[in-house]
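Scroll down for the structure; my scribbles are underneath it.
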Amino acid sequence: MSLRELDEPARDLLRLASVLAAAVVEVLLTKMPQVADIRTHEALKDWMAHARQVSEEAQGAMTADLLGWVGRHDYQQGAYELAHNAGIVRQRMPEANPG
């Protein structure tokens, strides 16, 4: 089913879901720079769980940034395979590699 085949309320719900998803990513991105300090990792545990979930489901340049922070966190925690996988996914996102 295409977007055009949906009725107006359904299209409105899809637009709202998109706006909410973008807002969630924006909020998470305000917390993610704290990942640079490994001493904050325990305090960011719940934030990282949300960031990981959102970065697995969404697309876009902001999500690519979020995935980069998730990968950095994983690397600093010694989860090198997870960090490597996050890097690969991020590189494959067209929004993360303009041009």
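These numbers come from the heavy atoms of this one structure, side chains and all, not from hydrogens, waters or symmetry mates. By convention here, the first residue in the shown sequence is residue 1.
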- Message: Going by ring-ring contact (aromatic ring centres under 6.0 Å, His included), name the residues that satisfy it together with His41, two or more places apart in sequence or in a different chain.
- Response: His73
- Note on the structure: In terms of heavy-atom contacts, Thr63 and Val54 come closest through CG2-O, 4.2 Å
- Message: Minimum heavy-atom separation for Ala86 and Leu67, please, with both atom names.
- Response: O-CD2, 3.6 Å
- Task: Determine, stepwise, if the pair Leu29 / Trp69 fulfils side chain to side chain contact (heavy atoms under 4.5 Å, CB included).
- Result: CA-CA 8 Å; Leu29 283 173; Trp69 285 111; 4.0 Å; yes
- Apply side chain to side chain contact (heavy atoms under 4.5 Å, CB included) to the pair Met32 and Arg72, showing each step before the final yes or no. CA-CA 10 Å; Met32 291 301 103; Arg72 182 173 180 168; over 6 Å; no
- To the nearest 0.5 Å, tell me how far Asp65 CG sits from Leu28 CG. 12.0 Å
- Item | Linked, directly or transitively: Leu44 and Val25 (ILVMFWY side chains, under 4.5 Å) | yes
- Query: Linking I/L/V/M/F/W/Y whenever their side-chain heavy atoms sit closer than 4.5 Å, directly or via other members, would Met48 and Tyr75 fall into one cluster?
  - Reply: no
Quick check: do [X] and [Y] have side-chain heavy atoms less than 4.5 Å from each other?
{"X": "Trp47", "Y": "Thr40", "value": "no"}
{"X": "Ile38", "Y": "Gln77", "value": "yes"}
{"X": "Asp74", "Y": "Arg52", "value": "yes"}

- Task: Go through the steps for Glu8 and Arg15 under the test salt bridge (Lys or Arg N to Asp or Glu O under 4.0 Å), then give the verdict.
- Result: CA-CA 10 Å; Glu8 191 61 33; Arg15 286 185 202 107; 3.5 Å; yes
- Message: Test of understanding: with salt bridge (charged side-chain N to carboxylate O under 4.0 Å, His left out), list the residues that count as partners of Glu81, not counting sequence neighbours.
- Response: none
- Output yes when a side-chain donor or acceptor of Ser18 lies under 3.5 Å from a complementary backbone atom of Leu14, and no otherwise. no
